[in-house]
Amino acid sequence: MAIRILADEVVSQIAAGEVIERPASVVKELIENAIDAGASAIMIRTEEAGKRIIEIIDNGCGIQSDELEKAVMRHATSKLTNAEDLFHIHTLGFRGEALAAAGSVSRMRITTCTAEGNNGYSITVDGGKITGIHQTGTKQGTIVQVTDLFYNVPARLKFLKSDVTERNQIEILISRYALAYPNIRWQSTHDGKPGIRTTGNADYREVLTAIYGVDIAKKLIEIDLKEEGISVFGFISPVALTRSNRREMNFFVNGRWIQDVQLNSAIIRAYQSLIMVGRYPIAALFISMDPEEVDVNVHPSKAEVRFRSPDKVFGIVHRAVRRSLIFQSPVPEIHSNAQWPGWHAPANPQSNDNELTTVVDNPAEGIPVAFWRTELPQNQIPPNNSIPAGSSSAILQPQSNFQTAPINPGFPILRWIGQIGGTYVIAEGPDGLYLIDQHAAHERILFEKLMGQVDSRIASQSLLEPAIVQVSAWQTSLLEENMDILTRLGFRIELFGPATYRILSIPEIFTKGNPAAAVRSIVEDFEEDETPLQSEIEKRIAGRICKSMAVKAGQPLSEEEQRGLIRDLENCQSPRTCPHGRPTMIHLSIHLLERQFGRKGTI
Ligand code: ADP
Ligand code: MG
């Protein structure tokens with residue numbers, strides 16, 4: 001094929017592809033323009049996840065009528081004059097590409113008026129071609145409407161994710177800017193539903209509350225450190241508040257949100273040994289330095305930067321975070337694991353913040369101590385008969401001491417003895433002592449009950465007083481996306497306000513527990529782009545809810561409740577582990593006790 005110069009249209013579509021990948025990229029560019037224009041209020045409205053309409057209204061300086069045409073041309077900018085300027089950038093934009101790119105892949109209308117202009121003007125662009133400029137009445141500021149995004153590049157449309165994901169991306173993005181610019185009044189709506197709202201009174205905590213909800217916002221620790229011309233200000237989570245992904249670690253360099261692997265690891269290192277491996281903090285860090293110290297021109301979407309002295313920057317960030325953590329956060333108590341001589345307790349990376357759990361292995365015998373009824377002599381195995389439905393009442397409800405035979409043949413018949421540390425229920429079995437982790441066991445019980453009912457219909461009960469749950473703006477669409485599953489699992493939840501939901505009813509089996517916390521726990525640990533099979537999502541959600549609703553370690557239980565827990569565990573299909581795979585109980589065999597007491601052999 002002969003070499004040819006590409007037509008202008010093709011060139012601009014290729015260029016647009018770098019800047020505008022999805023609806024959220026349009027929102028990003030338009031928001032940046034509004035911020036650069038000095039707006040003190042920015043409104044964002046989208047329809048159909050931005051594919052149908054993206055509208056950004058600002059009260060910034062506006063564009064002069066004689067410059068409107070230029071504004072939508074490629075490489076046209078008011079923010080840069082020569083290459084030298086690239087190292088003194090004080091604005092978010094500088095490439096002069098965004099409006100041209102957005103206009104080339106949509107139908108775009110810009111309506112604008114400057115402070116001096118007596119009249120407003122509007123320009124319309126269709127697939128990159130200017131189709132008209134009109135005089136019109138409007139207030140000072142700019143309205144950019146982008147409709148039918150990618151109508152002329154259908155291939156792009158096919159690459160977009162579900163509306164929920166795309167909308168989530170947009171809302172995450174707006175949240176980031178709202179946080180970086182708390183002096184701007186932000187307001188977003190998606191298909192008429194309210195998203196984030198802030199007052200613009202420069203109060204970071206207020207924006208944090210709008211994003212994360214009040215519970216988390218008030219826990220975040222403020223950090224502030226200035227060293228060698230670099231300042232690090234922001235908010236980090238205390239060690240007890242972590243996430244399973246890095247998504248909520250956000251960095252802003254001179255007001256620009258950026259992604260940086262090394263900054264991520266500087267923070268993770270600062271938390272090292274304070275939080276579990278595989279868990280990540282929440283962080284919003286604003287790093288400021290002389291613009292000459294950062295090269296912002298390394299990426300078309302301007303989401304990456306290069307530091308002139310990277311080590312210096314990472315060092316300061318690391319110190320700022322570490323110091324605040326050590327000074328302001330209670331260092332978690334270290335519990336000795338050596339309960340018995342000769343026993344060791346490996347650290348359990350799965351275990352959760354609010355639990356005191358230890359998996360005990362028995363190196364002396366080379367097998368995990370949890371042992372099961374398969375080792376019982378045949379004649380001790382109870383008949384595998386069934387239990388009348390409903391007889392395995394939820395624990396925490398008094399129940400009869402009548403012993404029903406367990407349906408699970410792989411499980412020892414246990415006699416209740418007591419509870420230690422408000423955490424472990426002690427029971428005697430056919431061959432020794434059993435320690436049951438009440439939280440893990442209850443989690444398993446609730447999980448099986450819930451999943452057992454799901455195909456018929458889960459018995460649901462109305463809450464006397466609806467529980468209000470505030471999720472972070474970033475999590476709203478995640479919750480919406482999984483609403484059908486929650487309904488199937490017996491929850492009735494409705495939108496109550498911006499990022500606020502009202503729980504009207506919950507599954508009957510959850511007699512105690514905090515419904516709001518359970519709902520929040522669902523959205524907290526989901527990765528945004530994860531798309532497990534539908535059936536897996538349901539199980540995972542059920543698992544999370546049960547974990548949240550289960551009795552906690554350290555919670556004293558009545559004798560009936562403890563007996564009930566044992567009975568209910570016996571009736572589980574898989575009583576050995578909690579839904580997350582941790583053991584529900586450990587077994588100290590008679591044999592082992594004898595050896596420990598020096599009756600038989602040595603250890
Ligand atoms: P850049 O932001 O890199 O300069 P854009 O294509 O995004 O490039 O915008 C081109 C120019 O249009 C900007 O330099 C600015 O002068 C003007 N402009 C764009 N959006 C706005 C706005 N919301 N308010 C005022 N001026 C704007
Ligand atoms: Mg721009």
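In this text, all values refer to a predicted model and were calculated from it rather than measured experimentally. Positions are given from 1, in the same order as the sequence printed here. In each ligand, atom 1 is the first atom listed, and ligand 1 is the first ligand listed.
Using a 4.0 Å cut-off between heavy atoms, Ala101 makes no contact with ligand 1 at all. The backbone of Glu97, and not its side chain, has at least one atom closer than 4.0 Å to an atom of ligand 1 (non-hydrogen atoms only; backbone = N, CA, C, O). Only the side chain of Ala37 comes within contact range of ligand 1, with a heavy atom under 4.0 Å; no backbone atom does. Contact annotation: for Asp36 versus ligand 1, there are no heavy atoms closer than 4.0 Å.
Judged by the shortest distance from any of its heavy atoms, Gly60 lies outside the 4.0 Å radius around the atoms of ligand 1.
Set against the non-hydrogen atoms of Ala71, the atoms of ligand 1 under 4.0 Å away are 10 (C), 12 (O). Close approach of ligand 1 to Thr77 is summarised as follows: ligand atoms under 4.0 Å from at least one heavy atom of the residue are 1 (P), 4 (O), 14 (O).
For ligand 1, none of its N or O atoms has an N or O atom of Ala100 under 3.5 Å away.
Residues Phe491 and Tyr501 keep their aromatic ring centres 6.0 Å or farther apart.
At the top of the distance list for atom 8 (O) of ligand 1, counting protein heavy atoms only, stands Gly96 CA, 3.1 Å.
Between Ile236 and Leu285 there is a side-chain heavy-atom pair separated by less than 4.5 Å.
If you run side chain to side chain donor-acceptor pair (under 3.5 Å) between Thr199 and each of Gln187, Arg185, Glu206, only Glu206 comes through.
Contact annotation: Asn33 places an N, O or S atom under 2.8 Å from the Mg ion (ligand 2).
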